[in-house]
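All residue numbers refer to positions in the sequence shown, counting from 1.
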Amino acid sequence: GELLSREDLNQLVDRVRESAPAVIDDLIPNVVSMGLLHRILTILLNERVPITNLTRILESLASHAPTTKDPDELAERIRRDLARAICEPFTDERKRIHAIVFDPLLELELRKSLHDGKIALGPEQLEKLIVKIAVECREASQRRQEVALLVDTLLRRPVRNLLSRALPDLSIIAFSEVPNDLILEPEVVIKVDEVFTREAAARGVQPAGR
């Protein structure tokens, strides 16, 4: 995402204009500014979403931009339209998507900790979660298997925001983004007691500082 300059974006848009001029003329700049498009593509690239099919992205944007101009929300909606391309790097020839998943109790605790769209974890819980995911990703890489983290749709963006600094290369995919014909092949299931103590999980997670 950091490598995508405004000049690069202009060249990409010009290329789409050659093959699909109506898409560009209907969208830019009356519906979406170049600045907003640059921000959306940067978000997608930072999450390892391919933008090679820019025409498809712009068509998706044309459907969603009339109702919101929030770049994060637009990126989320575009992700759903690009679901197959997002899952492809983690899918084998038998249509199995390889992923790390949270067990239901851990997802429940993370949902409990949501406040204003952010997951509030204490430093100890956050470090445990980061270390566990990093270890599992490294072990999968040693097996020559690339894995994503699959989470509940409600948690996808908050988990991404929580982990992006420590694990910038981790792909986080919502279950709703997985095409129906793919089979989930969990590489590992992270348990609630690997992140939270039993006592903390039993009484509910309290946001840091409360």
Side-chain angles (χ1 to χ4, degrees), residues 1 39-40 42-49 64 67-83 86-87 89-90 97-141 146-179 182 184-210:
R39 177 62 184 142
I40 292 167
T42 298
I43 292 171
L44 295 174
L45 287 169
N46 286 340
E47 296 199 17
R48 302 179 67 192
V49 177
H64 302 300
T67 59
T68 180
K69 293 296 186 288
D70 178 77
D72 290 310
E73 178 59 30
L74 286 170
E76 289 295 312
R77 297 185 188 187
I78 291 169
R79 285 180 59 92
R80 292 193 284 271
D81 292 335
L82 300 177
I86 290 172
C87 294
F90 314 101
I97 180 167
H98 295 261
I100 299 167
V101 299
F102 297 148
D103 80 0
L105 289 177
L106 178 53
E107 287 213 337
L108 177 61
E109 294 304 326
L110 293 175
R111 284 197 295 270
K112 284 181 182 179
S113 73
L114 270 176
H115 294 271
D116 298 324
K118 296 181 180 179
I119 296 175
L121 294 185
E124 181 181 356
Q125 287 77 32
L126 179 58
E127 182 179 5
K128 286 181 178 180
L129 183 61
I130 289 170
V131 169
K132 178 63 176 175
I133 294 172
V135 168
E136 297 300 340
C137 287
R138 184 168 61 251
E139 291 183 356
S141 178
E146 195 168 2
V147 295
L149 174 63
L150 257 61
V151 298
D152 179 80
T153 302
L154 179 66
L155 291 173
R156 200 209 74 81
R157 197 193 307 176
V159 168
R160 169 67 189 173
N161 292 338
L162 181 71
L163 301 177
S164 60
R165 179 167 296 185
L167 301 169
D169 294 330
L170 176 67
S171 290
I172 303 173
I173 300 174
F175 283 107
S176 60
E177 295 173 340
V178 178
L182 297 187
L184 175 59
E185 185 80 9
E187 294 290 317
V188 67
V189 179
I190 300 179
K191 306 290 187 182
V192 65
D193 56 8
E194 294 178 286
V195 178
F196 300 103
T197 63
R198 292 180 183 231
E199 293 78 7
R203 65 175 178 265
V205 180
Q206 295 298 319
R210 294 192 180 185

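- For the atom pair Leu44 CG and Leu74 CG, the distance stands at 10.0 Å (nearest 0.5 Å).
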Practice item. Please step through side-chain contact (heavy atoms from CB on, under 4.5 Å) for the pair Leu163 and Leu149, ending with a clear verdict. Key: CA-CA 11 Å; Leu163 301 177; Leu149 174 63; 4.1 Å; yes

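- Once rounded to the nearest 0.5 Å, the distance linking CD1 of Ile97 with SG of Cys87 reads 4.0 Å.
- The CZ atom of Phe90 lies 10.0 Å from the CD1 atom of Ile100; values are rounded to the nearest 0.5 Å.
- Side chain of Glu177 to backbone of Ala174: a donor-acceptor contact under 3.5 angstrom is found.
- Side-chain contact between Thr67 and Arg77 is present, with at least one heavy-atom pair separated by less than 4.5 Å.
- Counting all heavy atoms, side chain and backbone alike, Ser176 lies closest to Thr153 at OG-OG1, 2.8 Å.
- Here Glu146 pairs with Arg48 in a salt bridge; the nearest charged N to carboxylate O distance falls below 4.0 Å.
- Rounding to the nearest 0.5 Å gives a distance of 6.5 Å between CD of Glu136 and CD1 of Ile190.
- A heavy-atom distance below 4.5 Å is not found between the side chains of Ile78 and Val49.
- Side-chain contact between Leu121 and Ser113 is present, with at least one heavy-atom pair separated by less than 4.5 Å.
- Side chains of His98 and Glu187: a donor-acceptor N/O pair is present below 3.5 angstrom, by distance only.
- For Lys69, the NZ atom is densely surrounded, since the number of other residues' heavy atoms within 6.0 Å is greater than 12.
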Exercise for review: In sequence, state the C-alpha distance, the side-chain angles, and the governing distance for Asp103 and Val101, and then conclude on side-chain contact (heavy atoms from CB on, under 4.5 Å).
Suggested key: CA-CA 7 Å; Asp103 80 0; Val101 299; over 6 Å; no

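- At least one side-chain heavy atom of Leu114 sits under 4.5 Å from a side-chain heavy atom of Leu154.
- Within the 4.5 Å cutoff, the side chain of Ile133 has heavy atoms near those of the Leu167 side chain.
- Atom-to-atom distance recorded for Phe175:CZ and Leu155:CG is 10.0 Å, nearest 0.5 angstrom.
- Using a cutoff of 4.0 Å between basic side-chain nitrogens and carboxylate oxygens, Lys128 and Glu194 are not scored as salt-bridged.
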Check your understanding: Could you walk me through whether Leu150 and Phe102 pass the side-chain contact (heavy atoms from CB on, under 4.5 Å) check?
Key -> CA-CA 8 Å; Leu150 257 61; Phe102 297 148; over 6 Å; no

Practice item. Decide yes or no on salt bridge (charged side-chain N to carboxylate O under 4.0 Å, His left out) for Arg157 and Glu73, but give the supporting numbers first. Key: CA-CA 10 Å; Arg157 197 193 307 176; Glu73 178 59 30; 3.0 Å; yes

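- Between Glu47 and Ser171, the shortest heavy-atom contact is O-OG, 4.1 Å.
- Remark: Glu127 CD is loosely packed, at most 12 non-hydrogen atoms of other residues, nucleotides or ligands lying under 6.0 Å away.
- Across all non-hydrogen atoms, the minimal contact from Arg156 to Ile173 is CG-C, 4.1 Å.
- Between Arg39 and Asp70 there is no side-chain heavy-atom pair separated by less than 4.5 Å.
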Practice item. Using the side-chain contact (heavy atoms from CB on, under 4.5 Å) rule, take His64 and Glu76 through it: C-alpha gap first, then chi angles, then the decisive distance, then the call. Key: CA-CA 10 Å; His64 302 300; Glu76 289 295 312; over 6 Å; no

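- Put simply, CG on Asp152 and CG on Leu106 are 11.5 Å apart, with the number rounded to the nearest 0.5 Å.
- Nearest heavy atoms, Arg79 versus Ile86: O-CD1, 3.5 Å.
- Considering all non-hydrogen atoms of both residues, Leu182 and Val178 come closest at CB-CG1, 4.0 Å.
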